[in-house]
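Since we're looking at a predicted model, the values are computed, not measured. Residue numbers run from 1 in the order of the sequence given.
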Amino acid sequence: SSTGQAPVEHIPATYHFHLRGLDNGTKITDVANIELSVSKYPARPTQIWSGELNFDQSITVPDNVTIVAGTTISIAKDVHLIFTGRLDIQGTKANTVKIYPAKATQPWGTLTLRGEGANGSSLNFFEMSGGSLTNDGLSVTSGMLSLHQVEDVDISNCYLFGNYLGDDMIHAAYSKLRVSHCKFDL
């Protein structure tokens, strides 16, 4: 804009405010100093995943999920994890999040971000191996990390290796993402 500020995005919604410290009869006359921060992503419950997690059956997670640094996720043969809420992998350089097959010779399916609820996902400092593809009877999802109809996704500082069956490690369809500082090995 001509003022040098980012354009304002208007999001229709209803907002409720609780103002404290006003005595009876006090009127608000100056609202110029009130700041309001509103996320452009829908509010959903958030699950916190940590420690050692084992998945032996496929799941679809509608909530937002935060996976904390140092978490290890093992996934059984042909199992896929679908996230329709925002996924936030918070690994660190010293303490990555690890996602791998429960048995080294039995590939799991895919980790999929699907739909606008997953917009704004951030996957940072993680390792992923042993995934393949998912065939749910209606569609085939390739790439052990798969994104479908999501936007504003950041994938950084990742190491993906040992992909089975599918011909891509990351598959993105109708999506907008940024990938940086990632390594891919067969």
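Here the straight-line distance linking atom OG1 of T112 with atom CE of M144 works out to 12.5 Å at 0.5 Å rounding. Taking SG from C158 and NZ from K183, the interatomic distance works out to 11.5 Å, rounded to the nearest 0.5 Å. Here CG of N163 is found 7.0 Å from CG of D168. Values are rounded to the nearest 0.5 Å. Atom-to-atom distance recorded for I155:CD1 and S122:OG is 9.5 Å, nearest 0.5 angstrom. Atom OG1 of residue T60 and atom CZ of residue R114 lie 7.0 Å apart, to the nearest 0.5 angstrom. For the atom pair T72 OG1 and K98 NZ, the distance stands at 6.0 Å (nearest 0.5 Å).
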Please step through side-chain contact (heavy atoms from CB on, under 4.5 Å) for the pair N157 and F125, ending with a clear verdict.
CA-CA 5 Å; N157 303 298; F125 283 107; 3.5 Å; yes

Would you sort out whether M128 and W108 count as a side-chain contact (heavy atoms from CB on, under 4.5 Å), showing the intermediate values?
CA-CA 11 Å; M128 182 180 287; W108 51 277; 3.8 Å; yes

Go through it in stages, so that I can follow the logic: the residues are R178 and D154, the test is salt bridge (charged side-chain N to carboxylate O under 4.0 Å, His left out), and I'd like the CA-CA distance, side-chain angles, deciding distance and then a yes or no.
CA-CA 5 Å; R178 290 171 295 284; D154 283 314; 2.6 Å; yes

For D152 and K176, what are the C-alpha separation, side-chain angles and deciding distance, and is it a side-chain contact (heavy atoms from CB on, under 4.5 Å)?
CA-CA 6 Å; D152 194 27; K176 295 180 183 177; over 6 Å; no

Step by step, work out the side-chain contact (heavy atoms from CB on, under 4.5 Å) result for I67 and D88.
CA-CA 6 Å; I67 303 175; D88 184 16; over 6 Å; no

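In this structure, the side chains of F83 and V150 stay at 4.5 Å or more apart for every pair of heavy atoms. Under the 4.5 Å side-chain criterion, counting only non-hydrogen atoms from C-beta, L123 is in contact with L113. You'll find the side chain of S180 reaches within 4.5 Å of the side chain of S156, heavy atoms only. For the pair I99/S129, no side-chain contact is recorded, criterion being any heavy-atom separation below 4.5 Å from C-beta on.
Note on Y159 and L145: separate hydrophobic clusters, where clusters join Ile, Leu, Val, Met, Phe, Trp and Tyr whose side-chain heavy atoms are under 4.5 Å apart, directly or indirectly. The hydrophobic cluster containing L81 also contains L177, counting ILVMFWY residues as joined when their side-chain heavy atoms lie under 4.5 angstrom apart, directly or transitively. Connection of Y100 to I59 is not established within any shared hydrophobic cluster, with ILVMFWY side chains joined at heavy-atom distances below 4.5 Å, either directly or through further cluster members.
Scanning all heavy atoms of the two residues, the minimum distance from S142 to L133 falls at CA-CB, 4.0 Å. Of all the heavy atoms in V179 and F184, the pair that sits closest is CG1-CZ, 4.5 Å. For the residue pair S50 and V68, the shortest heavy atom distance occurs at CB-CG2, 3.2 Å. Closest of all the heavy-atom pairs between P101 and Q106 is CB-O, 3.6 Å. The minimum heavy-atom distance linking M169 with G162 is given by the pair CE-N, 4.5 Å. When all heavy atoms of S175 and A173 are compared, the pair lying nearest together is OG-O, 2.9 Å.
Side-chain N/O atoms of H80 and T110 include no donor and acceptor closer than 3.5 Å. For the 3.5 Å distance criterion, the side chains of E151 and N119 fail to qualify, holding no donor opposite an acceptor.
Checked by atom type and distance alone, the side chain of S121 pairs as donor or acceptor with a backbone atom of L87 at under 3.5 Å.
No option in I89, N54, L53, L111 other than L53 meets the side-chain contact (heavy atoms from CB on, under 4.5 Å) test with I73. The one candidate from R86, R44, Q47 that meets the side chain to side chain donor-acceptor pair (under 3.5 Å) condition with D63 is Q47.
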